[in-house]
Amino acid sequence: MQFLTPLLLLCSTPLLLAQQYAGDTISATLPTIDNAEVAFFKIDDPSGKNDALTLINYYSHGTDGNRIVESKIQRAVIVLHGLLRDPWNYETDMLNALAMVQDTNINRDSVAVMAPFFPSGSDKGFAYPWTDGLKSGRGSTSNALVWSGSQWSAGANNQYPHDSRNTSSYYVLDELVHYFDNKTLFPNMKQIVLAGHSLGGQMLQRYAAVGDQLETESPVVLWVANGNSWAWLSDYRPLNVPDCPTYNDYREGFAQYVEYGMTYGANLVAQGIDAIKANFDSKQIAWARALQDFGDHASSCAPETTGQDRNERFFFFMKWFQPSCPDPSGTNCDTVDLVDAPHDNGQMFHSAAGLARLFTDNFYGDKSRAYDFGYPRKQQGDDPFPDPSLVNTAGATNYNTYAGGLTYQGCWTDQAPTTAQALSTLLYDNATNTIETCTSGCVNAGYKVAGMSDATKCWCGNEVSSASAILTVDMQCKSACPGNTAQICGGLRRLSLFSAGSPSFV
Ligand SMILES: *[C@@H]1O[C@H](CO)[C@@H](O)[C@H](O)[C@H]1NC(C)=O
Ligand SMILES: *[C@@H]1O[C@H](CO)[C@@H](O)[C@H](O)[C@H]1NC(C)=O
Ligand SMILES: *[C@@H]1O[C@H](CO)[C@@H](O)[C@H](O)[C@H]1NC(C)=O
């Protein structure tokens, strides 16, 4: 009996739950911003070694300037920072977007906005205390969760604190979702939104693939915008890139997953790509695509196998893994919004599409959802929830007929010199190039197919090399013809293709 009492006491010690404001106060010099505070969220250590793991985050205040009243909150928007790890900017941009919503019920008293911080070694001393000269790994002296490099964006385990290094950034997202889904704390919660732009968008796309089935009471939507690369859900790749044996490794595929440092999701990944894809398909994704985003931050060859820039990578991912909306009022309806913006998270949040997905869709728990934004569409299959009042206008935009009855057949890749030329013969390469001179030149030379690339080049052939040419998005053909700048003459390694009917392929 003497032993029983302390044992019972031990067992009845309440579990320290994951929750906001319950983490350690991490002393730091982070920027202060309007209408939000730096808060400390306690994360339950999955390995049970450290009962004070702390996620630094920015957390919104109510309209009176005080902490939110949880019982009034109807929606949580968790916004992820990008490569630069600047959650203060994302919190500010998201709060500015919230202030733009027309419906006055949707404000800082009804919407909680959190920007979690996934700091790296570069943030030492600034985001969390650091002491130089200690043994390797011991310099971080607080319980702040810190990840190595940009590995937070793929779900890897934390690097610090040293005594507990099994906290995946995806486990952190799970804990945040569970927290906001707790109906005791948030009895009026209707919708949880995880939003990521750029590297934050990548983080969520991979989380969609390997993230646990959380079986929440409130629906969860992942708003995924403008990632530089996506994890492909097959080992196929549209583009040939020589000497790229790592093309299918995590983070662009799921090979070498454990080697990357993943424990989260390892059981699912071990089941194979079909299981991963089924998990991915069960998630609700609101895709947001900036139409002026032709940038590329690829640091390895792997993203290049999926498109030559962010615009084309988005296109090819949509083409091979088409989003769907089997039930618009359900929890697995994907949407795709086309936003006329560059690579800019603020412009994405503030767009009509951004405001709908981030704040108004299902705000009242009535399952309402805005139709896909942005017409004309850029490709077949990118309109899972089409606006019935607008025609699906995917397809060719040049309806003229040229010499020999040639008409526009779309924008195609030309992966030469990696593979054969898409078209056999370079007719000319000079500053007179127009659609008329190239098409008539090819027809007069006895060819059936004409293609313009890189503004000045005119290619002819009788068939197209299927090893080299893949239909891509019209936007990739963006070079004005030097002989008539109102016309488009392909792009870099991209052909504006003309033939009488569909060209034949070899
Ligand atoms: C982390 O988790 C893995 C797998 O769950 C386990 O094998 C390993 O021992 C854990 N490491 C630590 C430091 O807890
Ligand atoms: C939900 O929140 C309440 C209030 O903070 C807490 O007592 C309860 O343990 C939480 N439930 C879970 C499952 O975390
Ligand atoms: C461009 O090429 C066409 C076709 O070969 C030729 O007729 C024309 O003279 C060339 N123009 C220039 C400026 O080289």
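We use all heavy atoms of the structure for the numbers below, so side chains are in, but hydrogens, waters and symmetry mates are not. Whatever order the structure lists ligands and atoms in, that order sets their numbers, starting from 1.
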In terms of side-chain geometry, is the basic nitrogen of [X] or [Y] positioned less than 4.0 Å from the acidic oxygen of its partner?
| X | Y | value |
| --- | --- | --- |
| R494 | D414 | no |
| K49 | D45 | no |
| K448 | E463 | no |

What is the nearest protein non-hydrogen atom to [atom], stated with its residue, atom name and distance?
| atom | value |
| --- | --- |
| atom 4 (C) of ligand 3 | Y428 CD2, 3.7 Å |
| atom 12 (C) of ligand 2 | N182 ND2, 3.4 Å |
| atom 5 (O) of ligand 2 | L185 CD1, 3.8 Å |

Per atom 3 (C) of ligand 3, closest listed option by heavy atom (T456, N430, D429, N433):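 Residue with the shortest heavy-atom distance to the ligand atom: N430.
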Per-atom contact, atom 9 (O) of ligand 3, protein heavy atoms, under 4.0 angstrom: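 So atom 9 (O) of ligand 3 lacks protein heavy-atom neighbours under 4.0 Å.
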Under 2.5 Å between the SG atoms of [X] and [Y]?
| X | Y | value |
| --- | --- | --- |
| C333 | C325 | yes |
| C458 | C438 | yes |
| C442 | C460 | yes |

T432 neighbourhood, listing ligand 3 atoms whose heavy-atom distance to it stays under 4.0 Å: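 Reading through ligand 3 atom by atom, the close ones are 1 (C), 11 (N).
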Atom indices of ligand 2, in the order listed, that fall short of 4.0 Å to a heavy atom of L17: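 Near L17, the atoms of ligand 2 are 8 (C), 9 (O), 14 (O).
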